[in-house]
Amino acid sequence: MEFRPLAHVASSDYSYERMFAFSPNRPTLPEDLIARLRPVALAKSRILPLGEPWGPLVPNAGLRRGSTVVVQAQPGLGGLSLALSLLTESSARGHWAGVVGVDDPGVVAIADLGVDLRRVLFVPRPRGAWAECAADLLIVRPPSRASHGAARRLVDRVRERGTVLIILAEPASLWPLPADLSFDITQAQWSTSSRLDARYLTVRIGGRGEAIRAGEHVVVLPSRRGRCEAN
Amino acid sequence: MERLLAIWIEAFEDEAPDGSTLRDHLALLEALTILCPFTESIRLGLFVLPIRGPSRFFGGEAKVLEIVRGTVLDVAHQQPRLGIADGLFCAEVAARQGRVIAPGASDSFRRSLALSTLGRKDVATTCQRLGLHTVGSFANLDVARVAERFNQQALALHRVARGELFELDGQRDLKLARRLRQLRGEEEVGDEQLGFFGQRGAGDDRADAAAHRVRRRLGAEAVVVASLRGGRVPEDRATLVPWGSPLSTSRDSAPWPGQMRAPSPATTLARPVAVQLRDASDHLVVMEGRGFLSETPATLLFSHQLRREVIWHAGPWPLVERWWVLNRRRAHLQILLVSGEALLLTAESNRWWLAGIYD
């Protein structure tokens with residue numbers, strides 16, 4: 001039986017120092033192997049994408065599944081249009097959306113925005129059954145100020161199902177819970193010619209968690225073509 | 001040409017909205033199929049069966065008529081009108097008149113009919129002015145003479161009159177067979193909503209399950225899907241139907257001149273709200289006959305308490321649709337309130353209605 005000197009082991013490529021992941025001189029894996037070993041459920045698949053112009057303005061260029069987005073505006077100043085414009089890119093990629101509590105949806109406007117109407121379910125008068133609709137995206141307009149308990153139940157269910165919840169809040173019906181992402185419409189300005197042409201919305205984007213390019217942005221919603229466009 | 005027995009039940013012609021007519025029709029069709037397996041349902045309330053086999057089996061046409069009459073009375077509790085003639089067109093007319101046309105006499109029977117039985121008012125009127133009152137006199141016209149005055153459908157009519165075709169265009173209800181199959185449960189009601197490339201994914205199944213759950217809780221009408229159809233203004237172009245009901249798959253490709261262009265209101269009121277427009281001196285603003293406003297609107301009144309200042313307006317754009325039957329006259333007006341809200345108003349029957357909100 002032969003004893004090797006310790007120094008000899010340490011000089012080989014497989015020294016025990018390198019057994020630990022935190023070791024600074026751990027051999028790197030080849031690139032193609034890393035690509036193959038990457039988990040199948042990418043962080044990306046937990047994100048529902050947002051199209052122009054919202055993509056560059058929010059973290060990850062999309063809405064994280066299970067998160068709550070609050071769109072807040074004075075009544076009649078574009079809150080509904082903004083919430084619907086968040087659906088367009090996901091709808092084009094085959095995700096379903098539910099619109100709950102919006103009484104008289106303007107179907108033409110929704111189609112003009114680029115939402116695929118075949119994959120939108122409307123529940124105009126939910127009468128307290130908000131939390132049942134489990135599409136990929138869910139726009140909810142609470143009828144009045146939601147109670148803390150009801151809001152918490154809805155948020156929990158949304159997180160469990162991996163839905164993105166978009167709350168359409170007005171000053172009379174504020175959302176009692178903190179939002180992961182919030183769009184506040186602070187100003188709406190119509191440009192007119194011989195008809196209503198386009199509306200310039202000043203939107204303050206905020207949120208919590210990941211770094212957000214917080215601040216005010218101006219978007220055109222609806223534009224002359226009825227779409228949502230960058231200014 | 002086949003000798004047919006036509007069974008006409010007048011009470012079934014007007015379909016009841018609750019679907020009872022369709023159910024009665026189906027029950028009667030099944031009863032008649034037992035008598036003669038070749039029974040056809042042509043329209044609601046009109047059945048046809050070839051008479052030759054049954055008359056041999058039951059022993060004479062009179063016997064068949066008696067049995068059929070008894071069956072209809074038993075099953076549908078209605079007095080039917082029965083008629084026998086050659087070809088579907090003659091058989092239906094014979095049934096309406098309650099006559100049995102002798103074998104070989106159908107030709108003369110058809111030629112003696114009034115021209116209006118062919119169902120085209122314009123052809124009948126024109127021919128009567130020319131002194132042609134019967135189907136026979138119309139049939140005697142040269143094909144080329146008919147073709148140079150009338151269109152393709154009238155030519156088909158002429159062929160029916162001459163006895164070359166045996167049924168009128170539109171005499172059969174083409175959708176009835178499908179509706180009966182749906183009622184029997186042999187065909188799924190409603191077409192499936194397919195995914196982006198036509199396939200169904202997990203998301204589609206989840207959405208189906210969610211819609212079912214909401215329907216169970218809130219009722220069948222609670223979940224609604226939307227589609228677009230042709231029209232000029234947003235409230236005409238939208239259709240909202242309960243989820244699961246059959247959608248029309250026809251896409252409208254008509255140009256619709258005068259269509260209101262985008263942007264469209266994000267809220268389109270299904271039941272418009274009556275409002276008032278007042279000018280600066282608080283007089284009512286009305287639409288004049290020539291399509292102008294009487295004054296510049298300054299205030300919008302929802303009720304006596306709720307009034308809003310109007311800072312800008314565009315239009316009105318008058319719209320006269322289907323003046324030949326409906327004569328629906330409307331005008332649309334876009335207004336901008338001092339608070340920044342934009343609204344779409346409609347003027348109809350001397351009032352202003354709030355039709356949409358650019359929310």
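The sequence lines fix the lettering, A, B, ..., with proteins before strands; numbering per chain opens at 1. Just the heavy atoms: all of them, side chains too, but no hydrogens, waters or symmetry mates, feed the values below.
Options P124(A), A111(A), G79(A), A188(A) differ in how many heavy-atom pairs under 4.5 Å they form with chain B, and the most are formed by P124(A). Contacts with chain B were tallied for L82(A), L77(A), L84(A); L77(A) has the most, counting heavy-atom pairs under 4.5 Å. When each of R225(A), R199(A), R227(A) is checked for heavy-atom pairs under 4.5 Å with chain B, R199(A) comes out on top. Interface remark: of the candidates G340(B), A222(B), A314(B), A238(B), A222(B) forms the most heavy-atom pairs closer than 4.5 Å to chain A. Between chain B and the residues G226(A), P222(A), G78(A), the largest count of heavy-atom pairs under 4.5 Å involves G78(A).
Interface residue L336(B): only side-chain heavy atoms are found under 4.5 Å from chain A. Contacts between L240(B) and chain A at a heavy-atom distance below 4.5 Å involve the side chain alone, from C-beta outward. Residue contact with chain B, scored on non-hydrogen atoms closer than 4.5 Å, is absent for D103(A). When heavy atoms are compared at a cutoff of 4.5 Å, P234(B) approaches chain A by way of both its backbone and its side chain. For S81(A), the parts lying under 4.5 angstrom from a heavy atom of chain B are both the backbone and the side chain.
In this structure, R195(A) and P263(B) have side chains that are in contact, with non-hydrogen atoms separated by less than 4.5 Å. Annotation: side chain of W190(A) is not in contact with side chain of W312(B) (no heavy-atom distance under 4.5 Å). In this structure, the side chains of T268(B) and V108(A) stay at 4.5 Å or more apart for every pair of heavy atoms.
Considering CG of D104(A) and CG of L269(B), their distance stands at 5.0 Å, rounded to 0.5 Å. Rounding to the nearest 0.5 Å places OG1 of T192(A) at 8.5 Å from CD1 of I311(B). Atom CZ in R261(B) sits 12.5 Å away from atom CG in L196(A) (nearest 0.5 Å).
The only member of V120(A), L117(A), L121(A) that meets side-chain contact (heavy atoms from CB on, under 4.5 Å) when paired with V225(B) is L121(A).
The 12-atom threshold is exceeded at CD of Q259(B), counting heavy atoms of other residues, nucleotides or ligands nearer than 6.0 Å. Residue R329(B) qualifies as open at atom CZ: its count of foreign heavy atoms under 6.0 Å is 12 or below. Remark: F302(B) CZ is packed, more than 12 non-hydrogen atoms of other residues, nucleotides or ligands lying under 6.0 Å away. In this structure, D282(B) places its CG atom where more than 12 heavy-atom neighbours from other residues, nucleotides or ligands lie under 6.0 Å away.
The closest donor-acceptor contact from the side chain of E341(B) to the backbone of G76(A) lies at 3.5 Å or more, if one exists at all.
Residue S264(B) comes nearest to A109(A) through the heavy atom pair O-CB, 3.4 Å, listed as atom of the first residue, atom of the second, then distance.
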